[in-house]
Amino acid sequence: MNQELLQRFQSVPAVADAAAGQVTFWINPNRVSGGEKQITAVTPAMIEDARARLDRFASYIAKVFPETRENNGLIESPLAAIPGMRDFLNEEYDASIEGSLFLKKDSDLPIAGSIKARGGIYEVLKHAETLAMQAGMLSRTDDYAILAEPRFQEFFRQYTVQVGSTGNLGMSIGIMSAKLGFRVIVHMSADAKQWKKDLLRSHGVEVREYTADYCAAVEEGRKNSDADPMSYFVDDENSADLFLGYSVAGKRLAAQLKAQNVPVDADHPLFVYLPCGIGGAPGGVAYGLKVEFGDAVHCFFTEPTQACCMLLGMATGLHDGVSVQDFGISGKTEADGLAVGRPSAFVGRVVSPLVSGIATIQDATLYDLMRGLLRTEDTFIEPSSCAAFATLLQPDVMAQYLKDNGLENKAASITHIAWATGGRMVPAATREAYLKMGL
């Protein structure tokens, strides 16, 4: 614990509450109208480049992952209305939700079964494309289905891909890299679930386990990769490519909302709730949404009380200069995908002008919400994913946010989207254990 930091930020209510282990809701005072236009580290043109790259790879994806053929190689998830869950939240938690509630089911994304299938798979594909083009084996006018040929697997076998992970990013990086032919090393923190390690090993991925936390696993992975000139490190703490892979979700969600006749404009605001670990996935998605919808969308991050690194980083303005341990917070949570003690060096600074706020939630509540969603909607998602509902459990702060933004008379017109970040690949035995937790 850093007593100097504690004293310095004791006057910031959200920081003081977080340090005390309390559930809190920080409203971002740095958000501005058109905040996405202030961002220069990434641009809308870069999102379009990422989207085009994923389109080029679609024929390859459809060829090697049969579950994507129905969608022509597009790695995308459904958007489902969950009125039963809205009623459950209103009745059990006095959530006061007047508008409609949807679940963005990245829990069901093909290949890796989590939101990490967006950014993680994208960065691996971009790296593979770069190597193959530099070797004169691939051009943009080719049908990328040729990447399934043995000659490409033999080529990629010369190279190694490495990543540090609590689980879901490792799965997306590992499964995709191994399919292409790369040697893969995933450095797993102590928080990673055993079934995720077992699944990676079944794909031929080398898993290295650490007794330390996520940040230590990332650091070891980075050092290990830097020592090998044939190795590429997917840096979850700093990667713009991961961020852009996630950002593609903005335009895709816009198409899904249009298909379901859901308007998004000044009179019909969109509120999106994104579980946050180190920040790459929610940051990228939030940026993509703001580029698409501008001020009509309001993006909130959600974190466990014991791993609220992004809240502390953004509320103090110190970003990756602080960790949860600096404030006497353990960093240990059952929400393994969110078990991160220090926020991204890249994301917090980038999204500072566009994120509306950050809410925290207790682990025990995650399990109650998981059971509630299963009972009301026959839908299972990981405990980590259930953090997406955290903001809705603090209606008093949300009411103040609506009032401060002139939206108090539009509450019934708001479309709420909870972003489910993982769940499809959880083994049946683990699901059963989750459903008994916290009872």
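- The minimum heavy-atom distance between C308 and I329, with the atom names listed, is SG-CD1, 3.9 Å.
- When side chains are defined from C-beta on, T302 does not count as touching I361, because their heavy atoms never get closer than 4.5 Å.
- A salt bridge links E382 to K196: one of the charged nitrogens lies within less than 4.0 Å of a carboxylate oxygen.
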| said: One pair to check against side chain to side chain donor-acceptor pair (under 3.5 Å): S231 and Q162. What are the steps and the verdict? | reply: CA-CA 7 Å; S231 178; Q162 302 194 49; 3.1 Å; yes
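- At most 12 non-hydrogen atoms from other residues, nucleotides or ligands lie less than 6.0 angstrom from CG of D378.
- You'll find the side chain of H127 reaches within 4.5 Å of the side chain of V161, heavy atoms only.
- Residue C299 holds its SG atom at 7.5 Å from CG of L270, rounded to the nearest 0.5 Å.
- Aromatic ring orientation, Y401 versus F271: perpendicular (interplanar angle above 60°, classes split at 30° and 60°).
- You'll find the side chain of V186 reaches within 4.5 Å of the side chain of V184, heavy atoms only.
- Atoms CZ and CG, from F293 and L253 in turn, are 5.5 Å apart once rounded to the nearest 0.5 Å.
- The pair R201-E209 counts as a salt bridge, with a side-chain nitrogen and a carboxylate oxygen less than 4.0 angstrom apart.
- Under 4.0 Å is where a charged nitrogen must lie from a carboxylate oxygen, and between R183 and E206 at least one such pair does.
- Checked against a 6.0 Å centroid threshold, the rings of H416 and F102 do not count as neighbours.
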| said: side-chain contact (heavy atoms from CB on, under 4.5 Å), that's the test. Do E303 and L338 meet it? Break it down for me. | reply: CA-CA 7 Å; E303 299 182 292; L338 311 179; 5.8 Å; no
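- The distance from the OG atom of S107 to the CG atom of L373 is 8.5 Å, given to the nearest 0.5 Å.
- The main-chain N or O of N30 is found under 3.5 Å from a side-chain atom of N28 such that the two form a donor-acceptor pair.
- Ion pair E129/R56 flagged as a salt bridge, since at least one NZ, NE, NH1 or NH2 atom sits closer than 4.0 Å to an Asp/Glu carboxylate oxygen.
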| Are S189 and T166 close enough, and set up right, to give a side chain to side chain donor-acceptor pair (under 3.5 Å), and what steps lead you there? | CA-CA 5 Å; S189 67; T166 61; 5.5 Å; no
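- Annotation: the span from M46 atom CE to L244 atom CG amounts to 4.5 Å, rounded to 0.5 Å.
- Residues D226 and K223 are not paired through a salt bridge, judged by the lack of any N-O separation under 4.0 Å between the basic side chain and the carboxylate.
- Using modelled atom types, one side-chain atom of R371 and one backbone atom of L435 make a donor-acceptor pair closer than 3.5 Å.
- Between E219 and R222, at least one side-chain nitrogen of the basic residue sits less than 4.0 Å from a carboxylate oxygen of the acidic one, meeting the salt-bridge criterion.
- For the pair V347 and G283, the tightest heavy-atom approach, listed with the atom from each and the gap, is CG1-CA, 3.9 Å.
- From Q306, atom CD reaches atom CD of Q362 across 7.5 Å, with rounding to the nearest 0.5 Å.
- Put simply, the side chain of L392 reaches to within 4.5 Å of the side chain of I97, judged on heavy atoms.
- The backbone N or O of Y144 lies less than 3.5 Å from no partner atom in the side chain of D142, so there is not a single donor-acceptor pair.
- When side chains are defined from C-beta on, M137 counts as touching F152, because their heavy atoms get closer than 4.5 Å.
- A donor-acceptor pair under 3.5 Å is formed between the side chain of R349 and the backbone N or O of A345.
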| message | Walk me through whether E292 and Y287 qualify under side-chain contact (heavy atoms from CB on, under 4.5 Å). | response | CA-CA 9 Å; E292 198 63 30; Y287 176 67; over 6 Å; no
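- D320 places no side-chain N or O within donor-acceptor distance of the main-chain N or O of S344, the cut-off being under 3.5 Å.
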| request: Before giving the answer on side-chain contact (heavy atoms from CB on, under 4.5 Å), spell out for I61 and I111 the whole-Å C-alpha distance, their side-chain angles and the decisive distance to 0.1 Å. | output: CA-CA 9 Å; I61 296 294; I111 305 175; 4.2 Å; yes
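- Closest approach of Y210 to A217, counting heavy atoms only: CD1-CB, 4.1 Å.
- The two residues A307 and T333 have their closest heavy-atom pair at CB-CG2, 4.0 Å.
- Comment: K116 does not engage D106 in a salt bridge, judged by the lack of any side-chain N to carboxylate O separation of less than 4.0 angstrom.
- The backbone N or O of T305 sits nowhere less than 3.5 Å from a side-chain atom of T360 that would complete a donor-acceptor pair.
- Side-chain atoms of F300 and I358, non-hydrogen and from C-beta on, never get closer than 4.5 Å to each other.
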| said: Show, in sequence, the C-alpha distance, side-chain angles and deciding distance for Q153 and K179, and conclude whether the side chain to side chain donor-acceptor pair (under 3.5 Å) test is met. | reply: CA-CA 8 Å; Q153 292 181 324; K179 180 65 73 174; over 6 Å; no
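- A side chain to side chain contact (heavy atoms under 4.5 Å, CB included) with S177 is found for exactly one of F156, F182, Y159, namely F182.
- Closest non-hydrogen pair, A50 versus V248, comes out as CB-CG2, 3.8 Å.
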| query | What's the verdict on salt bridge (Lys or Arg N to Asp or Glu O under 4.0 Å) for K126 and D241, showing C-alpha distance, side-chain angles and the deciding distance? | reply | CA-CA 8 Å; K126 183 181 180 185; D241 286 333; 2.9 Å; yes
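- Within the 4.5 Å cutoff, side-chain heavy atoms of C309 are placed close to those of V324.
- By the 4.0 Å N-to-carboxylate-O rule, R151 lies too far from E154 to be salt-bridged with it.
- Of the possible donor and acceptor atoms, none in the side chain of E123 sits under 3.5 Å from a partner among the backbone N and O of G245.
- Remark: the backbone N or O of E377 is paired with a side-chain donor or acceptor of T379 at under 3.5 angstrom.
- Side-chain N/O atoms of S77 and D108 include no donor and acceptor closer than 3.5 Å.
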| request: Check the pair N224 / E220 against side chain to side chain donor-acceptor pair (under 3.5 Å), numbers first and verdict last. | output: CA-CA 6 Å; N224 197 67; E220 285 300 313; over 6 Å; no
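- Distance alone, capped at 3.5 Å, is enough to place a donor-acceptor pair between the Q260 side chain and the L79 backbone.
- Salt-bridge formation is detected for the pair R118/E76: a Lys NZ or Arg NE/NH1/NH2 atom is positioned less than 4.0 Å from an Asp or Glu carboxylate oxygen.
- In this structure, R69 contributes its side chain and K63 its backbone to a donor-acceptor pair below 3.5 Å.
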| Could you go step by step and tell me if L74 and T68 meet the side-chain contact (heavy atoms from CB on, under 4.5 Å) rule? | CA-CA 6 Å; L74 188 72; T68 68; over 6 Å; no
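- In this structure, CG on L374 lies 8.0 Å from CE on M370, to the nearest 0.5 angstrom.
- Looking only at side-chain heavy atoms (C-beta outward), I175 and F65 come within less than 4.5 Å of each other.
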